[in-house]
Undergrad: 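My structure is below; once you've seen it, I'll send some questions.
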Amino acid sequence: MALLEAQKIEKHFGSTKVLQDISFSLDEGQALAIIGSSGSGKTTLLRCLNFLETPDAGVISVGGKVIFDAADPATQQESELREKRLHFGLVFQNFNLFPQYTALENVTLAVKLRTPDKSQWGTIDARGRELLAQMGLQDRAGHYPHQLSGGQQQRVAIARALALRPDVLCFDEPTSALDPELTGEVLKVIRSLADQNTTMIIVTHEMAFARDVADEVIFMDGGVIVEQGPARQVIEQPREERTRQFLSRYSGS
Ligand SMILES: Nc1ncnc2c1ncn2[C@@H]1O[C@H](COP(=O)(O)OP(=O)(O)OP(=O)(O)O)[C@@H](O)[C@H]1O
Ligand SMILES: [Mg+2]
């Protein structure tokens, strides 16, 4: 059974259909890369999965349990949203760290808010430090975001997302705001998460990275899935002409 299953997701903004008939599944421990040109609906899809947008149609299941069904209001209760969001962790393009908190505080804040029993906060801090160390940031715990490079800030954001132990970690173009050298250090961290079988969805423009790190690739265009399949096959031997055209823009890079 798939860990995550999305069935026939649709989303409109006004009269614009932004997502249409989006269906895919993701097994535990797998990494899925989503590629596609600007405006194809990639961010909107991640936002739907994270309940930052409400799909107009479709069903989302995690671990075999329906957590959203557009046709069933009982699955859309505001009071349950917060818990449902915990299935997913989201890492944004622009890091979105809290500027007034240190790296460690950024990582532990949400966990502490969920843990009123302060006697456990020492354990939460220890785990926060462990996650920062895993990101290569063991000596940056007390630094504020403005004292960190973009690549370091993004690695703090990844630690923060992992701190809540999501079932699926989602990345929306995690390196597109970074210089090439800082991109490398963030991709390395994501690659090591994949090696540890972290279940992930990665929206990316890094085609070689998608090919090497993802198990499956989805190519989106105009709000639909044009092609999906094993990463190497989709990137190196796409079946659809639209995928070929899109990828030809990246050849040589
Ligand atoms: N809140 C909104 N209201 C109206 N239209 C929106 C909204 N959010 C996104 N759109 C439109 O939906 C379409 C898909 O946008 P989306 O941000 O999902 O694309 P994307 O694939 O993530 O693009 P990019 O690669 O540039 O990030 C675009 O045409 C966009 O203008
Ligand atoms: Mg986007």
Side-chain angles (χ1 to χ4, degrees), residues 4 6-24 26 31-60 68 70 76 78 81 85 87-97 150-151 153-154 157-158 160-161 166 168-180 182-183 186-187 190 200-211 213-214 216-229 231 234-235 238 240-251 253:
L4 168 65
Q7 291 164 276
K8 297 191 171 292
I9 303 289
E10 283 188 31
K11 180 70 187 170
H12 314 69
F13 289 116
S15 59
T16 316
K17 257 197 171 167
V18 177
L19 295 176
Q20 233 175 309
D21 197 19
I22 301 286
S23 299
F24 66 89
L26 182 59
L32 168 71
I34 302 179
I35 60 172
S37 50
S38 186
S40 57
K42 307 180 298 296
T43 295
T44 305
L45 175 56
L46 284 190
R47 289 176 59 81
C48 283
L49 293 176
N50 286 271
F51 303 107
L52 298 171
E53 303 284 357
T54 308
D56 300 311
V59 179
I60 299 169
F68 175 85
Q76 296 170 42
E78 200 68 33
L81 260 190
R85 281 205 179 106
H87 290 296
F88 300 91
L90 189 50
V91 176
F92 303 91
Q93 183 174 355
N94 292 312
F95 332 134
N96 294 3
L97 295 178
Q153 289 183 55
Q154 189 60 304
I158 295 170
R160 177 176 63 177
V168 183
L169 186 57
C170 303
F171 295 89
D172 192 359
E173 299 190 34
T175 62
S176 58
L178 300 174
D179 295 338
L182 300 183
T183 293
V186 170
L187 293 184
I190 301 175
M200 298 190 284
I201 300 177
I202 311 161
V203 171
T204 185
H205 288 292
E206 304 278 343
M207 297 306 144
F209 177 74
R211 179 196 62 204
V213 171
E216 297 264 319
V217 168
I218 283 177
F219 168 60
M220 288 180 66
D221 194 27
V224 302
I225 294 177
V226 173
E227 180 160 0
Q228 75 186 86
V234 173
I235 304 274
E240 301 293 329
E241 182 55 31
R242 269 150 91 191
T243 318
R244 265 194 286 275
Q245 279 172 8
F246 171 77
L247 288 167
S248 69
R249 285 189 250 144
Y250 288 89
S251 63
S253 70

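Both ligands and their constituent atoms are indexed starting at 1 by order of listing.
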Undergrad: Are any of the N or O atoms of G36 closer than 3.5 Å to those of ligand 1?
TA: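 No, G36 has no N/O under 3.5 Å of an N/O on ligand 1.
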Undergrad: With heavy-atom distances below 4.0 Å as the criterion, list the atoms of ligand 1 near S37.
TA: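 Numbered from 1, ligand 1 contributes 21 (O).
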Undergrad: Check V203, D221, I235, I218 against I35 for a side chain to side chain contact (heavy atoms under 4.5 Å, CB included) and give me the one that passes.
TA: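 The single option meeting the side chain to side chain contact (heavy atoms under 4.5 Å, CB included) with I35 is I235.
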Undergrad: Where's the contact between T43 and ligand 1, heavy-atom distance under 4.0 Å: side chain, backbone, both or neither?
TA: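 It is both parts that get close, each with some atom under 4.0 Å.
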Undergrad: Could you check whether any heavy atom of G41 sits closer than 4.0 Å to an atom of ligand 1, since that is the contact criterion I want to use?
TA: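 It does, in that a heavy atom of G41 comes within the 4.0 Å cut-off of ligand 1.
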Undergrad: So, the side chain of K8 versus the backbone of S23: is there a donor-acceptor pair under 3.5 Å, distance only?
TA: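 No.
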Undergrad: Aromatic rings Y250 and H205: how do their planes relate, parallel, tilted or perpendicular, breaks at 30° and 60°?
TA: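 Parallel: the ring planes of Y250 and H205 meet at under 30°.
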Undergrad: Could you identify the single nearest non-hydrogen protein atom to atom 13 (C) of ligand 1 and state the distance to 0.1 Å?
TA: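 Checked against all protein heavy atoms, atom 13 (C) of ligand 1 sits closest to V18 CG1, 3.6 Å.
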Undergrad: May I ask you to identify the nearest protein heavy atom to atom 6 (C) of ligand 1, giving residue, atom name and distance to one decimal place in Å?
TA: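 For this ligand atom, the closest protein heavy atom is F13 CD1, 3.2 Å.
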Undergrad: If you take the nearest heavy atom of each of S176, C48, G14, S38, which one is closest to atom 24 (P) of ligand 1?
TA: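 It is S38 that holds the nearest heavy atom.
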Undergrad: Check each atom of ligand 1 against the heavy atoms of E173 and keep those under 4.0 Å away; list them by number with element.
TA: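 This gives 24 (P), 25 (O), 27 (O) as the contact atoms.
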Undergrad: Between K42 and I34 (side chain of the first, backbone of the second, donor and acceptor by atom type, cut-off under 3.5 Å), is there such a pair?
TA: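 Flag not set: sc K42 to bb I34 has no pair under 3.5 Å.
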Undergrad: Return the closest protein heavy atom for atom 25 (O) of ligand 1 as residue, atom name and distance.
TA: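 Of every protein heavy atom, K42 NZ, 2.7 Å lies nearest to atom 25 (O) of ligand 1.
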Undergrad: Hey, does E53 come in under 3.5 Å of ligand 1, counting only N/O atoms on both sides?
TA: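 It does not: no N or O of E53 is found under 3.5 Å from an N or O of ligand 1.
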